[in-house]
Structures are given as C-alpha cells and as structure tokens.
Amino acid sequence: MRPLGYARVSTVAEAVEIVATDPAGAFLAGGTTEIDLVRLGVARPDLLVDINDLPLHDIDDLPGGGVRIGALARMSEVARTPAIAGRYPGVAQALLLGASQQLRNMASMGGNLCQRTRCAYFRDGVSPCNKREPGTGCSALDGLNRGHAILGTSEHCVATHPSDVAVALVAFDAVVHTAGPGGVRRIPIDDFYLMPGDTPDRENPLRHGELITAIDLPPAGIAERSVYLKFRDRQSYEFALVSVCAAVRVEDGIVTEARVALGGVGTKPWRARLAEQHLLGVPATAESYAAAAAYELSAAVPRRHNAFKVELAQRAIVRGLTQAARGGMR
Amino acid sequence: MNTAIGRPVDRVDSQAKVTGGARYTAEISLPGLTYAAVVGARIPSGRVEAVDASRALAAGGVLAVLTHENLPEIAGQPHLLPSLLGAAAPGQSFFPMQDAAVHYAGQPVALVVAESHEQAQYAASLVDVTYRREPSITSIDEGRDRVYEAQRLFGGLMPGRDERGDVETALAEAPVRIEAGYRFAANHHNALEPPATTAVWQDGRLTLYDSTMGIRATQLTVAHLLGLPLSHVRVITHFVGGGFGSKAMTWPHVTLAAMAARHVGRPVRLALTRAQTYTSNGHREEQEQSISLGATRDGRLTAIRHHKLSITSRFDDWAEPATGVSSQLYDVEHYEGVHSLIQGNTMTPTFTRGPGETLGVFTLETAMDELAYELGVDPVELRLRNHAGADPRGNPWSSDGLAECLRLGAERFGWHGRDPRPRARRDGDWLIGTGMAAAAYPVAFFMPEQRARARVYEDGSAVVQTGTQEFGTGVLTVATQVAADALGLPLESVRFEAGDTDLPNTSAAVGSAGAGMVSAAVHAAATALRDRLVAMAVADAASPLHGADPAAVDVADGRMRLRDRPGTGESYADLMIRHRLADTEAVGSWTPPPLDTPHGLLTFGAQFAEVAVDPDLGLVRVRRMVGVFAPGRVLNPKLARSQLVGGMVWGLSQALLEGNEMDTRHGRWGASNLGEYLVPVNADIPEITVEFVEVEDDVVPLGIKGVGEIGQVGAAAAVANAVFHATGRRLRRLPLAAELVMDPPASS
Ligand SMILES: Cc1cc2nc3c(=O)[nH]c(=O)nc-3n(C[C@H](O)[C@H](O)[C@H](O)COP(=O)(O)OP(=O)(O)OC[C@H]3O[C@@H](n4cnc5c(N)ncnc54)[C@H](O)[C@@H]3O)c2cc1C
Ligand code: SF4
C-alpha cells in the first residue's frame, strides 16, 4: 500500500477546506470502498481526511412527510429507522440486500452514493480502462462483460453503478445536499449521476473537495408500498445482476402512478421513465407490465456476455410491479 | 479395547483455533524478520525485456529486488510427481526467474524484500517491468488446432488412455445410446489462508515454516531445487488454513522465499496476496468432457466412451484424471477413456478437491440420468442394475456399499413415489425438482512407508509423533484417538505432536489418504510400544502378569491386565517405575498394499438433492441434500460429517457458482478475489443430511477409506439432475449460471 497521510476533522468547513486545497486529498467515511481502492492501487490519494466526527449522522423527519438522512448515517441505521422502513420500504430493502451486515454497519450513505464501479478491469489497476485512466480504452467492451451495463452505455465505458440504495433513491426523487468550496448545493439525485459519454472518469458533478452533507427523501405516498427486488447468482453478499425498485398505485384495476428504477443494468442507477410513462392508464396486469418493460429495454445495447440481462431486466420489472401492486392494490 | 475411535470427539485444537492461540505460517514472528512480495508477470507469454528496480530500491525499507538477472540458478528441477508418492513435488516442472521467458500471467518475475510487509507490497508496485508480448493460448477455444492425446498424466504416473473391449462396435450396435458433451469452467481452491512461507538460514541449514499439506514434500522439493542435503532442510507447519489441493504441491514461491532469505541474510516471510493465489498454486483446469453410453432396452450398460479435453501448461502434461470412476463403477464390457490436452499459457493445473473424478462423475451421472429418462427406468434402479460387483480386472471391491447407500439415501430423501415427469411440481414462481447421482472415488495407494513414534512416560501419559500437519481435517484429533486406543490410555493422557520434518515422516495428506495413512502409522507405533511393555511385564517375576501369554493381555486406562481376569494386572506406570524407566518408546511404520493388490479400490456413496428453479429469472436454490457414504471405518463421526458436508457444499458450489473465465486477450483470469469468484454464502446452503453405511474393509489401513473427497463427488450431478427434473432442460455447462437456466425468451 502506498504511504499516505491521515487527518481527522471536526467541522464541515474544515473538511472541505483541506480537501479542496489538496489535489491529492480525499474524504474517508466508512472506508469500505476507499481503503479497498487504495490497497488495489486504483485510488491514489496522498491524504485521507477522516470525516467521521462531523455532525452528519442524524436521520430526521422533514415537514410534510419526507426524511433527511445525514451523509454519515450508516446503511444499517438507515434501514432500521422506522420512518424509512415504514414510508420507504423499497429504500430499506435495498439497503438490507446490499453488502453484508458488517459492511452495512460501517458504510455511510454519502460513501455509498460515491462508491465506484465493480468492473474488474477498473479494479485490477493494470488493464486499459477509461474510467481509471482516461484515454486508455475500455477492456470490457469486448472482454468479460457479463456484469456490465446495457443501458446508458457508451463506446468509452459500459460499467454499471453498483449501489443498491441509489436505485431506490432515484425512484423516489431524492435530493443530494452538498457543501463545497463554492458554497452549498442541492442536486436532484438523477442529476447526481452522470452518463459515461466520453468522460467515464467523471461519475458525478461533485467538485474536488465538495462534501455530501445529507440526502433528502421527499414525501411520496406511493413509496409506502414500494418493493426492492435483487437478483444475483448467490443469495447474499453479491452485487445485483438485475435489481428493481418498483411502486405502483392502482385504482379500479388501472395504474394511476408508477415508479420503476433498475440496478445492475445501467451505467447509473436507472430510473425507468419510459416504462413509467407507458404504465399510466393501463390495466394492472402482467401483460401491461411486460409491455412497459419491453419499451424501457428497447434502448438496451447488449454485449457478448450480458445479452441475457435485456430479458432478465424485463422479467424483473414484471416481478417488481406485480409484487408492488399486490401490496398497493386497494 | 476400543473407546476413543468412533466417538464424536471434539477437535483437540479447537480451543487454540478459536482463541487465536493457533499460529499460522504468516503469524510466525522471528527476530530480524523481513518481508518479501512477488511481482507477477502481466503478460501470459513473451519475455521480460528490462526490469527497472530503481524506484522500488529507493522506496522506504527496501532491502533487495531479485529478478532473473540476479537470482541464483537452481541446483536442479525435480520431476513433477504427486506429493503422495513421497518424492519431491514441485507442482510444475518449471522454476521462474531463471531466464527472461514468461509462460503465464502471474509468473514471478521479481521479488522485493523489505523491512515490512506493507513496504514490500508497495515497492513491488514500483518495479517497472518492460515486456515483449508474444501470442498466447489461454483457453480451449484458442487451442483447438493443437489438441493432442496425452500419453501419460500426472507426471507419467497414469496412462492417458484406458480401454477394454470394442467400444466403437458396441456403441454402434447398442439399442439405446446417450451422447452428451459438457463444458466446465476452471475452478480455484480459495483456501481461506493464502499460502505463506517463512525461511530462516542458520549455518547453512534452512528452516522453513510453510503453509503446506505436506511438510515432507516441501522438504524434498526445496532441498532438490537448492541442492541441499535433506538433513539441512527442516520444515515446520503447525496449522494450515485450508488446502483443498492448493498446498499439496510445493510451488515456486516456497523456494523463492528461501533464496531471498539467503540473499538478504535475514529471515524472510513471503505471503501471497489473495489475487496471487489465482496464479501461484495451480487450479482445476478449464475442460470439456463428452460421453457416450450404450445400453440395452432393459437398462444394462454395454459400452461407455468418456473423453476429456483440457488445457495445461507449456511444460507439463497435467490433467485431472477423469475416468477412474467411469471405467469401474458400472459393469460394462466395452470402455474407452481418453484424455486430450492443449498446451497453453497457464501455470500447471493441480489437484483441486475431488480431483478429476468430481467432473468425471458429473459427466457420467448426468448421462445416466438421461439414460434413465430415455428408458423410463427409475434413476436409482438404473444404478443398482448396473453397479459392478468387481473392478474391471475382476478383483472384488475391498469393500462396497453402493447399493446400501443408494437404498438408504432414497429412503432418507423420500425418493420413492417421485413423479419423474419434468416440470411437474410448482411452488409459486418456483419449479421444484429432485435428482440423484451415485458417487465413487478411487482409494489411492501409491505412498511409501509411513512412520510414527510413540512414547509412554512413567506417569502413564504418552506422546505420539509423526510428521503430518493439520490443515483443518482434524488429523491431530483422530491420530490422538487412534493412539489412545492402541495404547489403552484415556484420550486425555495422550498428546499427539506433528508438523515437523524432524519427526518420523509421512507423506503429504492428499487424495483422501491423510487420516488413513497417518492413523496406520500411529497405530503401528502405539501397538509396538504397548507390545513392548506387555512383553516386559510378562517377563518380569515381580509383575502380577508374570508368565502370562502376551496375547491374553489387554490394556485399559493404562493398566495391563488379563482379558479373562481383569483383576490381575498392573499399570504401565508401576512397571516402569519398578524398572527405573522414566519413559520408553517405540517406532512403527505402515507400508501400503502393493499396487497390484487383488482388490478393487473405490469409496462409494449416493447423493440426492431437491432444487427450486425460477425459470423466468434463472435462479436455482438448493432446498435440501442427502448424502450417504460408505467410507469404511469412521474414526470420528463429528469430523467425518464435517468433511462430508463440506464436500457436498463444494459440489453445490461447483454446480451453481464456481468458475473463472479467462480474458484471452490479456491472458489473465477474469476473477482474482472472493468478490468476483463466487463461492456460496450461508444463505445458499440448505439443510444437509449425511448418513453412513458401515462396510468392513481388510485391505485399506485400519479399514479407513477416507472422507476428504467422496462428499463432493456426485453432488453437482444430483443438483444438475434435479434442475432437469424441475425445468425439463439439460444444461451442459458448469456453473449453471442464470443465463443458462433462464427459460429462453419467447421470441428466440
Ligand atoms: C464486499 C463488499 C460488498 C458490497 N456489496 C454491496 C452491495 O451489494 N450493494 C451496495 O449498494 N453496496 C455494496 N458495497 C459497497 C458499500 O455499500 C460501499 O462501499 C459503502 O457504502 C461506501 O461507504 P463508506 O462510508 O465506506 O465510504 P468510503 O469508502 O469511506 O468512501 C467511498 C467514496 O466516497 C467518498 N465519500 C465518502 N463520504 C463522502 C461524502 N460525505 N461526501 C463526498 N464524498 C464522500 C470517499 O472519498 C470515497 O471516494 C459493498 C462493498 C464491499 C466491500
Ligand atoms: S467498462 Fe468502464 S470501468 Fe470497465 S474497463 Fe471499460 S472504461 Fe473501465
């Protein structure tokens, strides 16, 4: 492991100041991604600024029924908070289906949003990879790409965003609060994740030294009966082949509102807006769900080893909507 | 008197393990210890054009950088032979860093030695190696035009071809024929403890602490490579964190650690990284198998043709032998087993749990399932109908038990009344299926003499020693049990010592042979000692046993006594004190039966599995497994059960999860950690039932056939057959990944 410096800070201003002025500085929260990548030689900070003492651990109700989640709240804490488990079960399930209990106890929400792709070529530190070393090429395009994305890809990168909870957050229009050298910002989560385009090294709009302080979940009645389903080779401790966060409101057998987001298939946590549009006003049946899913996936660009995901994602959407409708039917 | 053997005794080392008192190789701390890190080649084929070590040498704490330019030459390359043989066992007949050539990715091209592990690792990342890349072959697909039939496998130990009768004609004339081909991804061992070696030189003598399944093999191999007398190399191994075959051979890093220690003049510890374990200690090779079964309409096999194609290294004809069971399990007149190879740019593959036969039996037993469907015969009945009563030479089995295993397994599993129709059972989104397979694994007998020593002290306690090592199987425990019974002592009075080549030697504990051969040697030594003490007593006028027939004396709780009059006798302690003996000892040895023993040697079992398959999403969940085995004498049912359950978990894993793909462009494995190379988690493991069928065996040592591999054999086939029953689809690839299991989209 490279020799590096370590600093512990107690205010947001201090944290931002130190990292903003040190081009080789980086925030350290739970460390479950950052330390990993430093050891692999993929992240190369010279200074890790430990933010765990910052007062960003709380989870508070917002007026109107939303919830504010501090950036340092741990995944496991968030999942067992009644406001989350009760009002946003899809978010709680997404958290509980991620990683392992030990990791969830350590991993922060801010860190979760910023975790890097699990693309093996990115992580091996040596293969050509535009995300790790812009301009070197993408080894996954014609390589072992079973785990890679089929939506939102470019010729420069086909890596998935690995977060589970971000998928649920995208479904419910969460807002990311940040503090940076230029002041504070509110970024809708769908804008927080960037498409790879020809700059796959840039995954989010955070500037160097800009810190996530909180994540807001706005009130959303539909979320109360949301589900998060995660499909993978083994039953735990693995990233998704495909995951789906679904919520649906059905009145008199007709879909009046729907939320669908996908994990494991997109270069970003994927809000399935095409499917959502397609669902409005159609009968709440498996056939309509399948049609909506097909519409969403019509834009998919499969590669040699991940073509099955096009079909798998559609079936996952149908499953998710069916289960959500069962809970959501009045 | 038998009191300890057969009891579910707790592991003697369990406390040390759970409290952290057990010291593994990478935890040995020594004064002046330094740390080595290996730099592995990034290319699979070509040459090292230049190594610039200047950045590494300038980094903090670095003591040396060794490359092919400054590493001394080895004294000689030993032949590749399985370590069980008791000779040097180098894993592959190639030693790296002797010249600039690169034959596989991960091949050591430089070695950094530093004051700390972290410094060594960091400096290793600073060694700038320039390569000249040459074309490579790293998969079967890339080498199809270079297939050749292997003459001998396993370093010449086994023939590549096994045939009898006239398969061609028999298949052509068979009223029923099943033909199937399979592809199997490469497997890795993933022992929890990555291999590590600590090397210390003193006065020209070398001590190695090594995480090995065979300290003797390490000693022989390193002595040969370095040109040292055997007496100058001592290997110490107390605890090993799992091997599964990865530590059965002595891979180059062990000798490199010794060379580095000599170079820096200080002790060196070399611990491989997790990623390096995928390219440093062999693997189960990528392979294809094809099988043709010929049978009569009433379900009698007439012919089997079983071929295997696999990829090996540039330097060794290594293939897991896959036909040892298919050639013997069933009574079939015409047989042909052939191994073909492609030489490619991987390291030499090696034993991986259930070597060869797990996939060989997968092929055989899924084909048997197809045959059962073809004929409309129950799969269990089909096995019973065809099970051979003797091996192909006509020699009776040393012990059998297959029929009992099949029947008991069927009963425990609730097989009878099964509706054989595929897709007949549903549970919500899940299709439910059941499947079974016969299991068999060869008993290996090609080890040399095995030795042990036993000593009794005047306080009536004993220490028994042999140079084996504990790698999780429980050998320390079973050897203690065997010694206690042979000496007639309570378990608590016996201490078993192992893990040092200065002790009487045994072979590497591989091929399920560990417990049997160690127990046989321990039994011999302990019995010799008991006989000596009894002889002393009956010859001693002062002993109550004076003049008795030694054969009429037995020993219990350390007291020798007449079998018919237990009141007459005396303790070891009394006898020894009278003779002013502070202690007394004996050595004992066991030699395996000759290879041409007139017996068939297979361990038998039967496997049953129930699965749930979600055909929309391609998910397979194993709901329960039942395994019934006839492994001969069970020394310790608790430990044996652990081994067998572990084997069945391996089988499940092989069926559903495990496999590494080669990125042929780079010649590197796709997965090199436990996040990407999937092994099951607890949530994947269902209820597992293990039962034993008792068989008596006079041929194998102490009647023990071994439990190391048989639990795995057939388990994957039972799962795959259950998947067929659930879905009606035969999937001819492992692992059964979601994309294979998913029902194809309606359009395609
Ligand atoms: C074995 C394993 C399995 C996993 N499985 C899953 C899974 O199934 N599903 C899933 O969703 N995740 C999974 N994860 C990922 C895990 O959820 C993330 O590693 C974790 O959420 C990151 O949080 P952290 O606090 O540890 O972040 P750190 O590792 O400390 O930081 C991660 C990154 O975020 C930056 N950062 C941290 N906090 C902030 C902040 N407040 N503002 C700006 N930048 C910040 C850091 O500089 C760093 O770049 C897995 C991880 C591991 C190791
Ligand atoms: S998919 Fe993206 S992360 Fe993976 S190799 Fe290509 S550029 Fe790198």
Side-chain angles (χ1 to χ4, degrees), chain A residues 1-4 36 38-41 44 97 99-100 118-121 123-128 137 139-147 162 229-242 244 286 290 294 297 302 305-316 318-319 322-323, chain B residues 40 42 59-61 105 117-119 121-122 124-126 273 275 429 614-622 653 656-666 668-685 735-748:
Chain A
M1 182 160 147
R2 295 172 65 234
L4 49 74
D36 213 14
V38 169
R39 295 182 127 172
L40 291 169
R44 309 184 137 254
L97 290 169
S100 65
R118 308 306 284 197
C119 171
Y121 299 109
R123 288 170 62 87
D124 73 13
V126 297
S127 298
S139 294
L141 275 187
D142 301 310
L144 301 174
N145 47 31
R146 175 176 189 256
L229 306 179
K230 183 173 178 181
F231 303 114
R232 44 187 162 176
D233 300 293
R234 64 182 171 198
Q235 300 195 48
S236 172
Y237 207 32
E238 195 192 355
F239 291 91
L241 284 172
V242 173
V244 58
L297 271 298
H305 301 286
N306 67 3
F308 71 103
K309 283 186 173 184
V310 179
E311 186 66 31
L312 187 62
Q314 295 180 53
R315 295 177 185 181
V318 175
R319 267 305 154 81
T322 307
Q323 285 201 20
Chain B
R42 287 184 184 176
H117 174 72
E118 289 73 17
Q119 287 172 329
Q121 290 292 333
Y122 175 54
S125 76
L126 299 178
T273 63
D429 293 323
D614 185 325
D616 288 341
L617 303 169
L619 307 175
V620 181
R621 303 295 183 232
V622 180
S653 180
L656 300 182
L657 294 169
E658 290 196 48
N660 207 352
E661 294 291 323
M662 186 59 84
D663 184 325
T664 51
R665 301 164 309 165
H666 305 153
R668 294 196 287 262
W669 292 115
S672 58
N673 59 60
L674 290 166
E676 287 151 13
Y677 183 92
L678 299 178
V679 295
V681 294
N682 266 323
D684 294 303
I685 303 306
L736 298 175
E739 53 268 47
L740 296 177
V741 177
M742 272 173 77
D743 269 357
S747 54
S748 72

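We name chains A, B, ... by the order of the sequence lines, and we start the count at 1 in each one. Please read all numbers here as calculations on a predicted model, not as lab measurements.
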Do the charged groups of B:Asp614 and A:Arg315 touch, with an N to O distance under 4.0 Å?
no

Counting heavy-atom pairs closer than 4.5 Å to chain A, which one of B:Arg621, B:His117, B:Gln119 comes out on top?
B:Arg621

Between A:Ala307, A:Ala316, A:Ser236, which shows the greatest number of heavy-atom pairs under 4.5 Å with chain B?
A:Ser236

So does A:Leu144 get a backbone contact from the side chain of A:Tyr121, meaning a donor-acceptor N/O pair under 3.5 Å?
yes

Below 4.5 Å from any heavy atom of chain B, which atoms of A:Phe239 appear? Answer side chain, backbone, both or neither.
neither

Of the backbone (N, CA, C, O) and the side chain (C-beta and beyond), which part of B:Val741 lies under 4.5 Å from a heavy atom of chain A, both, or neither?
neither

Main-chain N/O of A:Leu241 paired with A:Lys230 side-chain donor or acceptor, under 3.5 Å:
no

Under 4.5 Å from any heavy atom of chain B, what part of A:Ser100 do you find: side chain, backbone, both or neither?
neither

Of the listed residues (A:Leu312, A:Asp124, A:Val310), which shares the most heavy-atom pairs with chain B below a 4.5 Å separation?
A:Leu312

When the 4.5 angstrom heavy-atom criterion is applied to B:Leu674 and chain A, the contacting part is backbone

For B:Glu739, is there an ion pair with A:Arg146 - N to carboxylate O distance below 4.0 angstrom?
yes

Among B:His666, B:Glu661, B:Glu118, which has the most heavy-atom pairs under 4.5 Å with chain A?
B:His666

Count the heavy atoms of every other residue, nucleotide or ligand shown that sit under 6.0 Å from CZ of A:Arg39, and state whether that count exceeds 12.
no

Could you tell me if A:Arg2 and B:Ser125 have a donor-acceptor pair between their side chains, going purely by distance under 3.5 Å?
no

Given a strict heavy-atom distance threshold of 4.5 Å, which part of A:Arg319 is in contact with chain B: side chain, backbone, both, or neither?
side chain

If I measure from the heavy atoms of chain B, does A:Asn306 come under 4.5 Å with its side chain, its backbone, both, or neither?
neither

Name the one of B:Val622, B:Leu656, B:Leu657 that satisfies side chain to side chain contact (heavy atoms under 4.5 Å, CB included) with B:Pro680?
B:Leu657

What part of B:Leu619 is in contact with chain A, defined as an atom under 4.5 angstrom from a non-hydrogen atom: side chain, backbone, both or neither?
side chain

